[in-house]
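Since the structure comes first, as structure tokens, the remarks are kept for the end.
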Amino acid sequence: MTDSKYFTTTKKGEIFELKAELNSDKKEKKKEAVKKVIASMTVGKDVSALFPDVVNCMQTDNLELKKLVYLYLMNYAKSQPDMAIMAVNTFVKDCEDPNPLIRALAVRTMGCIRVDKITEYLCEPLRKCLKDEDPYVRKTAAVCVAKLHDINAQLVEDQGFLDTLKDLISDSNPMVVANAVAALSEIAESHPSSNLLDLNPQSINKLLTALNECTEWGQIFILDCLANYTPKDDREAQSICERVTPRLSHANSAVVLSAVKVLMKFMEMLSKDLDYYGTLLKKLAPPLVTLLSAEPELQYVALRNINLIVQKRPEILKHEMKVFFVKYNDPIYVKLEKLDIMIRLASQANIAQVLAELKEYATEVDVDFVRKAVRAIGRCAIKVEQSAERCVSTLLDLIQTKVNYVVQEAIVVIKDIFRKYPNKYESVIATLCENLDSLDEPEARAAMIWIVGEYAERIDNADELLESFLEGFHDESTQVQLQLLTAIVKLFLKKPTETQELVQQVLSLATQDSDNPDLRDRGYIYWRLLSTDPVAAKEVVLAEKPLISEETDLIEPTLLDELICYIGTLASVYHKPPSAFVEGGRGVVHKSLPPRTASNESVESPETAPAGAPSNEQPDVIPTQGDLLGDLLNLDLGPPVSGPPLATSSVQMGAVDLLGGGLDSLIGGPNFVAPPAAAVPANLGAPMGSGLSDLFDLTSGVGTLSGSYVAPKAVWLPAMKAKGLEISGTFTRQVGSISMDLQLTNKALQVMTDFAIQFNRNSFGLAPAAPLQVHAPLSPNQSVEISLPLNTVGSVMKMEPLNNLQVAVKNNIDVFYFSTLYPLHILFVEDGKMDRQMFLATWKDIPNENEAQFQIRDCPLNAAVPEVSSARSVPTRVPGL
């Protein structure tokens with residue numbers, strides 16, 4: 001009968017019976033009782049009351065019984081530390097047993113009993129086992145040192161176990177070497193600053209010798225250790241690669257990936273001119289291909305790692321496109337990864353094959369997969385210029401299928417193709433417009449609106465098409481509303497005489513009826529541009545757009561180099577460094593590839609680079625939907641305002657032609673008559689003759705003085721609170737303009753991009769007058785100085801203290817918050833002039849209780865007039881804020 005009988009008992013009150021059986025004189029009965037105890041412990045029953053009785057069973061020569069007792073001890077020693085000390089003598093005795101299995105069992109159990117009181121008793125037995133004549137005992141003791149270090153690190157260091165562990169790297173038995181390396185690596189991870197694995201050519205040679213003879217898991221430990229070593233020159237790197245290469249043919253996929261990691265790292269030091277470099281590239285492909293014949297879960301891990309390898313060295317797998325073709329029975333997560341790698345490997349040589357596959361995928365039943373396949377066709381067009389026409393033709397064929405989600409994805413990618421190849425494929429616009437009514441997804445509707453607005457002069461009924469979208473303006477998503485606003489302004493600038501009413505309608509909807517600050521601000525900007533300077537409006541809105549040359553899913557090079565060092569680990573599956581998902585500092589060690597040799601510059605595969613393209617050209621980003629500024633603009637950092645709404649929001653814009661003379665000057669209308677000054681709301685702050693009233697207060701308060709006191713920059717946001725981003729700054733007022741002068745410093749290990757800034761409501765309506773412009777990615781240890789123009793037309797809410805400003809800054813890593821105090825003098829105009837009547841009226845409006853009188857003595861009012869008295873009583877009334 002099997003041991004399952006021990007789990008089937010339903011007796012009650014069996015603890016007493018077990019106690020009697022454990023104390024029986026019959027060895028067989030005692031063994032049966034211990035098995036019952038272990039069975040009860042396994043299913044969750046509390047059998048800790050039997051601790052002294054089970055410990056008494058340790059005094060036996062039966063190896064099976066001893067293993068069971070030790071298993072019980074490991075489970076209950078922490079809850080019964082005083083009782084566990086009873087077992088110490090037995091441990092010490094078992095460590096000197098003639099049977100090496102019992103010696104190893106004793107030392108293994110000692111390492112697993114995490115009780116501080118016992119650890120000091122275990123040092124001497126452990127020291128003996130580390131120098132035991134049997135390699136099985138030594139390898140077990142090596143692992144025990146790592147466990148003991150986790151319990152009491154200081155004790156291990158004081159007892160000299162670390163030095164003994166280092167000596168074991170030179171052991172004659174490969175398994176002892178592997179376990180010593182594993183133990184030292186574990187200890188080094190918890191103490192990154194310690195230099196425990198002080199590798200040198202001699203120790204590396206010993207590890208490589210042991211590599212051929214130890215078990216597969218021992219090989220993984222040694223390979224991971226080798227990956228942390230930096231060879232002194234390319235000859236040593238080549239020597240190590242030659243001895244590691246045989247591991248690529250191992251049956252265990254973990255060994256293969258660990259070997260790939262070592263080779264990918266050391267290849268950085270090899271010259272591309274070497275024959276061996278080409279040989280190594282050829283040897284790396286077959287094992288990676290073989291990994292794709294494993295189970296789906298292993299395939300996924302392999303594909304995630306291959307994704308990194310292909311981004312780093314596409315030439316390794318450039319001839320293996322077919323293995324990444326999707327099989328009908330692949331799980332969706334495998335299909336999507338294969339699709340991604342296919343795009344990365346696409347080149348002029350294989351694009352016909354890839355497109356045929358992608359077109360086939362677009363007829364599958366899995367909606368998510370079909371969408372990705374259609375997008376992949378667009379990415380191929382952008383990546384391989386020679387294939388663009390064929391890709392567009394394929395997309396048009398897919399549009400003719402009239403499958404709704406296929407049509408919508410096709411329109412989204414065709415928009416990107418238009419941006420990549422302007423004035424080349426516009427003949428397909430008519431076909432796109434036929435499917436206008438079937439679009440119901442925001443991204444597709446926004447893409448179609450962009451196309452209509454961008455090529456309005458080629459579409460006869462562009463105004464009708466955009467007007468059809470305008471009917472449900474408030475029901476559209478923010479993405480569609482923003483695109484529609486821009487498209488209609490483009491249309492107006494191209495056909496001003498026909499669309500004046502349409503542009504006024506959309507500007508009114510965006511500025512008066514919308515609660516979205518992003519949409520409202522863009523509406524005001526367009527309105528102001530059109531009013532004051534139509535020529536500038538054309539230059540801004542119809543400016544030539546930069547060409548897009550690549551998708552944005554490529555991993556940033558610094559991060560990619562770090563992830564290559566983590567091939568075969570969880571970091572390579574997440575595509576994130578360990579610091580991003582490992583809590584605390586334990587186990588997080590930042591790694592990097594060794595420095596490249598002069599002749600080993602990282603170059604792109606000739607098939608993947610378009611002919612004649614400059615090598616240093618950085619591709620412009622295609623922003624994804626998640627990268628829009630909207631998520632930042634929707635933040636509300638403070639409590640809701642309970643007071644009345646601002647005066648500026650209550651203005652009836654319809655009563656005033658905010659476009660002033662702008663529209664008529666643009667369309668050449670001769671009959672424009674400026675409205676009387678009385679019709680202008682006071683809070684717009686400027687006469688209508690200037691076109692649009694000065695909504696952003698950009699031109700008011702310009703004085704004759706050059707500027708005022710500027711405080712030195714202070715650290716507003718320390719790097720430790722912002723994942724490596726440090727922000728220092730100050731406020732200035734120069735020639736009537738307020739600025740926030742910022743210094744952004746990247747103290748992280750990855751590049752920072754996509755910066756944006758937003759202010760919370762504050763006492764004086766301080767707000768950014770322009771986006772935060774960081775023109776180049778901010779590399780690690782790099783700083784950039786930025787002057788952000790400010791205005792005072794933002795939302796108002798009284799703060800404590802009055803000059804408190806709460807700020808949100810966003811980048812590609814996260815959104816960060818901080819608050820600072822701005823000096824009130826930045827709000828004052830330089831010349832301080834005030835009309836006499838206004839001054840008197842203001843003086844009278846200030847309550848009497850706010851009046852304070854005091855004397856200013858010895859203050860010469862005019863040095864050029866000697867007869868003025870040197871002391872004068874000046875009554876002063878100080879208005880309260």
Please confirm whether the backbone N or O of [Y] pairs with a side-chain atom of [X], one donor and one acceptor, at under 3.5 Å?
X: Ser795; Y: Arg761; result: no
X: Asn760; Y: Gln806; result: no
X: Glu441; Y: Glu443; result: no
X: Gln481; Y: Phe473; result: yes
X: Ser508; Y: Gln505; result: no
X: Arg733; Y: Phe828; result: yes
X: Ser739; Y: Asp741; result: no

(message) Just checking Tyr822 against Trp716, ring centres under 6.0 Å apart?
(response)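 Centroid separation for Tyr822 and Trp716: 6.0 Å or greater.
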
From [X] atom [atom1] to [Y] atom [atom2], the distance as rounded to the nearest 0.5 Å:
X: Lys490; Y: Ile488; atom1: NZ; atom2: CD1; answer: 12.0 Å
X: Leu772; Y: Ile786; atom1: CG; atom2: CD1; answer: 4.5 Å
X: Glu800; Y: Ser763; atom1: CD; atom2: OG; answer: 8.0 Å
X: Ile738; Y: Thr732; atom1: CD1; atom2: OG1; answer: 9.0 Å
X: Asn762; Y: Leu805; atom1: CG; atom2: CG; answer: 5.5 Å
X: Leu827; Y: Asn803; atom1: CG; atom2: CG; answer: 9.0 Å

(message) Could you check whether Gln479 and Ser477, counting side-chain N and O atoms only, form a donor-acceptor pair closer than 3.5 Å?
(response)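 Short answer, no.
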
Please find the pair of heavy atoms, one from [X] and one from [Y], that lie closest to each other, and give the distance.
X: Val815; Y: Ala808; result: CG1-CB, 4.4 Å
X: Phe469; Y: Glu476; result: O-OE2, 4.0 Å
X: Leu559; Y: His575; result: CD2-O, 4.5 Å
X: Leu821; Y: Phe731; result: O-CE1, 4.1 Å
X: Gln750; Y: Asn812; result: NE2-ND2, 4.4 Å
X: Pro768; Y: Leu788; result: CB-CD2, 4.2 Å

Check whether any side-chain heavy atom of [X] sits under 4.5 Å from a side-chain heavy atom of [Y], and report yes or no.
X: Val503; Y: Leu493; result: no
X: Asp754; Y: Asn811; result: no
X: Leu530; Y: Phe492; result: yes

Within a 6.0 Å radius of atom [atom1] on [X], are there more than 12 heavy atoms belonging to other residues, nucleotides or ligands?
X: Asp515; atom1: CG; value: no
X: Gln773; atom1: CD; value: yes
X: Lys721; atom1: NZ; value: no
X: Phe581; atom1: CZ; value: yes

